[in-house]
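Notes to accompany the following structure.
Numbers restart at 1 for each chain; the letters A, B, ... are given by sequence-line order, proteins then strands. Here the structure is a predicted model, which is why all the values come from computation and not from measurement. Below, all heavy atoms of this structure are taken into account, side chains as well, without hydrogens, waters or symmetry copies.
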Protein chains: 2
Amino acid sequence: MNEISVNIFKALSDLNRLRILKALQSRVLCVCEIRELIGLANSTVSQHLSILKECGFILESKEGKWVNYMINPRPSDLRVSAILSSLDFWINDEDIIITDKKKVAGLDRKIICCS
Amino acid sequence: MNEISVNIFKALSDLNRLRILKALQSRVLCVCEIRELIGLANSTVSQHLSILKECGFILESKEGKWVNYMINPRPSDLRVSAILSSLDFWINDEDIIITDKKKVAGLDRKIICCS
DNA sequence: TTTATATTTCGGTATTAAACGAAATGATAT
DNA sequence: ATATCATTTCGTTTAATACCGAAATATAAA
């Protein structure tokens with residue numbers, strides 16, 4: 001990855017991307033589930049995910065027709081891993097993120113998708 | 001300041017602001033000196049400084065007709081102080097920042113200003 | 001193979017942020 | 001008080017980013 005510092009901060013400079021990172025801290029999510037949580041179009045969510053992926057914050061893995069996204073457990077960039085290993089320190093004061101946390105538990109892709 | 005996380009990352013998501021932070025790591029600078037280093041208009045530099053100041057990254061102090069800017073030695077936000085106390089860890093891979101470091105030493109407000 | 005579902009890519013619009021110069025402000029010196 | 005210089009604020013233009021819907025792609029099921 002070898003991202004330059006400004007790109008790392010740019011990736012973190014959008015509230016919706018911070019919401020996604022924090023949601024993925026709870027568990028693996030597919031695009032549909034994230035769209036449901038955040039309330040943006042699928043295509044927009046996909047775009048945000050690709051920015052986070054590009055910097056090494058998250059990984060994707062295919063499972064049938066779904067694409068699962070998860071926090072990268074072993075980022076090559078030390079700054080990215082520093083952020084990820086202390087996510088609660090860096091991101092904790094936005095009301096919406098606290099609300100999201102509760103909602104993530106109730107998300108079920110069997111219900112959300114296929115609609 | 002009690003800044004929310006996304007604002008902190010937004011403040012860091014511009015290369016010119018990172019350049020300013022790193023330059024202030026070397027020493028206190030006035031707006032003219034920073035304008036000379038970065039190559040932007042005074043008004044633009046002033047705007048960048050106010051964004052960094054708003055988040056608590058830097059402090060200003062007036063000295064005659066000059067306004068000196070410096071790294072905030074005691075930021076109230078833990079995230080801001082975490083960034084500032086490890087600036088070399090967070091910001092170190094942009095070529096221009098390495099170039100800037102050499103130039104800062106040669107800046108002299110007596111020569112730069114008053115022109 | 002056709003159909004259905006999930007995701008990504010593309011093209012375009014809307015919002016946000018960066019940049020400038022000019023005018024206004026603040027401070028010092030004449 | 002007037003002039004000068006550093007800085008900030010204001011109004012505007014330009015560039016970057018966020019967003020959407022439609023079309024394209026990929027996988028799975030019928």
### Message
For a quick check, with a 4.0 angstrom heavy-atom cut-off, what is the B/S/- contact string for nucleotides 22-30 of chain D, read 5' to 3'?
### Response
B----SS--

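The side chain of Asn42(A) places no N or O atom within less than 4.0 Å of a non-bridging phosphate oxygen (OP1 or OP2) of dT5(C).
Glu94(A) meets the side-chain hydrogen bond (donor to acceptor under 3.5 Å, both in side chains) test with Ser5(B); sequence neighbours excluded. Applying the side-chain hydrogen bond (donor to acceptor under 3.5 Å, both in side chains) test to Asp100(B) and every residue at least two apart in sequence or in another chain returns Arg19(B). In this view, Asp88(B) and Lys22(B) satisfy the salt bridge (charged side-chain N to carboxylate O under 4.0 Å, His left out) rule, not counting sequence neighbours. Evaluation of the side chain to side chain contact (heavy atoms under 4.5 Å, CB included) rule for Ser86(A) yields Phe89(A), Trp90(A) as partners, not counting sequence neighbours. Take Ile58(A) and apply the side chain to side chain contact (heavy atoms under 4.5 Å, CB included) test, not counting sequence neighbours, and it matches Leu21(A), Leu24(A), Leu49(A), Leu52(A), Lys53(A), Tyr69(A).
At whole-Å resolution of the value, CD1 in Ile51(B) and C1' in dT16(C) are 12 Å apart.
Here dA19(C) is the nucleotide among dT8(C), dA6(D), dA19(C) with the atom lying nearest to any side-chain atom of Leu40(B). With distances taken from any side-chain atom of Asn16(A) to the nucleotides dC20(C), dT8(D), dC19(D), the minimum falls on dC19(D). In the set dT8(C), dT7(D), dG21(C), dG21(C) carries the atom at the smallest distance from any side-chain atom of Ala41(B). Nearest nucleotide to the side chain of Ser46(A), out of dC20(D), dT7(C), dT8(C): dT8(C). Distances were taken from every side-chain heavy atom of Asp14(A) (C-beta onward) to each of dT8(C), dA18(D), dT7(D); the shortest belongs to dA18(D).
Between the side chains of Arg109(A) and Asn68(A), at least one donor N or O sits under 3.5 Å from an acceptor N or O.
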